[in-house]
Amino acid sequence: MPELPEVETVKRGIAPILEGNTLTKIITRRDKIRIAIPQDFISRCEGQEILQVVRKAKYLLLYLGSGDVIICHLGMSGRISLTSAKARKEPDIYEKHDHVIFETDKGDLVIYNDPRRFGIMTICHENDLETHRFFKDMGSEPLGNEFNGSSLYAKLKSKKTTLKTALLDQRVVVGMGNIYVCEALFDTGIAPERRACDLGQNKCEELVRNIREILERAIKAGGSTLKDYAQVDGELGYFQHSFKVYGREGEQCATKGCSAPIERITQSGRSTFYCPRCQN
DNA sequence: CAAAGCTCCTGACCGC
DNA sequence: TGCGGTCAGGAGCTTT
């Protein structure tokens, strides 16, 4: 499933295709994905120049010349593929789960495909972005300056829930999904079931460093794939080979000198993988 | 308020 | 081979 690094990879893939070009034709093949695609979505997009493509948390934002912003989220299984109108012999024949198609004046097609339909495609004026329900309570970007040991410590201090759940909470820090939260807690040697408010300042610093490192490494690797994610050019990424705990239930812990098997538990209805010996 | 539960959805997987 | 049942999971919304 796309987490921050994968969305960043998609952003870098589509930006050169879209920025500075004009949307000549939009096709929506259903009324809603997870939420309704606005009735006026097409009319607000067609004819507009795309000024800039931005990643905000796990959202992709397409800033248009009109001041509108296309908001796109890949959900669990969303992917974006690139092709050209010319390459499609029959341009009106699309694949299953192709929900939205963007065509530019250069003849490029950007296709949003999402089998599980947990994704989002909507539009909002840039003046309303700040107060938009998707963004108003959003926590800090994990790769930004405002995310640091003391700010994380302050956020966690009031939380009696577990660390695993707190780090998945987008009001604390954005962009962290199930995989990277598991990995970051393993790297920092913290048990996922510990209460968030019990984490000391020093451990917060270490956790922040590890989160940054793991995300940056994943971005460099071009994002992970995990079964249902393909890079924007259609080629599979490879970061999934370096998960240390995620999806490794029963396997031996990767830490030198530790032979404990990785355990899987459920927290807030989601799988958590961890080493019961290395993480305390 | 915080925290837990609910919800959207399909494909993969399992046992029969 | 086909068929039900189960599960996964992002994150906003609703309920407690």
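Letters A, B, ... are given to chains in the order of the sequence lines, protein chains preceding strands, and every chain is numbered from 1.
- Tyr246(A) has its OH atom 9 Å from the P atom of dA8(C), to the nearest Å.
- Partners of Arg44(A) according to the salt bridge (charged side-chain N to carboxylate O under 4.0 Å, His left out) rule, which considers only residues two or more places apart in sequence or in another chain, are Asp40(A), Asp68(A).
- Side chain Arg270(A) to base dG10(C): a donor-acceptor pair is found below 3.5 Å.
- Ile27(A) is not listed as a side-chain neighbour of Asp98(A), based on a closest heavy-atom distance of 4.5 Å or more.
- Of the possible donor and acceptor atoms, one in the side chain of Glu183(A) sits under 3.5 Å from a partner among the backbone N and O of Lys244(A).
- Checking the phosphate oxygens (OP1, OP2) of dA2(B), no side-chain nitrogen or oxygen of Lys159(A) falls inside 4.0 Å.
- Between the side chains of Asn178(A) and Lys164(A), a donor-acceptor pair is found at a separation under 3.5 Å.
- Rounded to an integer number of Å, the gap from His99(A) NE2 to dC8(B) P is 16 Å.
- In terms of modelled atom types and a separation under 3.5 Å, the side chain of Gln48(A) and the main chain of Ser66(A) share a donor-acceptor contact.
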Anything under 3.5 Å between a protein N or O and an N or O of nucleotides 5-7 of chain C, put it in a table, one pair a line.
none

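- Rounded to a whole Å, the NE2 atom of His132(A) is 14 Å from the C1' atom of dC13(C).
- The distance from atom CG of Asp169(A) to atom P of dC1(B) is 15 Å, rounded to the nearest whole Å.
- Both thresholds, 5.5 Å between centres and 30° between ring planes, are met by Phe118(A) relative to the base of dG9(C), so the two rings are stacked.
- Residue Tyr59(A) is in sugar-phosphate contact alone, with no base atom involved, counting any heavy-atom pair closer than 4.0 Å across all strands shown.
- The two residues Leu4(A) and Pro142(A) make their nearest non-hydrogen contact at CD1-CG, 3.7 Å.
- Contact annotation: Arg34(A) side-chain N/O to dG10(C) OP1/OP2 distance is not under 4.0 Å.
- Note on Arg117(A): only backbone sugar-phosphate atoms sit closer than 4.0 angstrom, heavy atoms only; bases stay farther off.
- A salt bridge does not link Lys155(A) to Asp169(A): none of the charged nitrogens lies less than 4.0 Å from a carboxylate oxygen.
- Of the candidates His97(A), Lys96(A), His99(A), His97(A) is the only one forming a side chain to side chain contact (heavy atoms under 4.5 Å, CB included) with Asn113(A).
- The nearest whole Å value for the distance from the NZ atom in Lys32(A) to the P atom in dT7(B) is 13 Å.
- Nearest to the side chain of His73(A), among dA8(C), dA11(C), dA4(B), sits dA11(C).
- Rounding to whole angstrom units, NE2 of residue His97(A) and C1' of dA12(B) are separated by 13 Å.
- Classified by interplanar angle (parallel below 30°, tilted 30° to 60°, perpendicular above 60°), the ring pair Phe134(A)/His132(A) is tilted.
- Rounded to an integer number of Å, the gap from Phe135(A) CZ to dG12(C) P is 9 Å.
- From one end of the helix from dA2(B)-dT16(C) to dC16(B)-dG2(C) to the other, with five pairs defining each end axis, the axis direction shifts by 50° (rounded to 10°).
- Lys96(A) comes within contact range of the sugar-phosphate backbone alone, with a heavy-atom separation under 4.0 Å but no base atom that close.
- The Arg116(A) side chain lies nearest to dT10(B) when the options are dT10(B), dA4(B), dG10(C).
- Glu8(A) is not listed as a side-chain neighbour of Leu143(A), based on a closest heavy-atom distance of 4.5 Å or more.
- Between Ile33(A) atom CD1 and dC9(B) atom C1' there is a gap of 12 Å when expressed in whole angstrom units.
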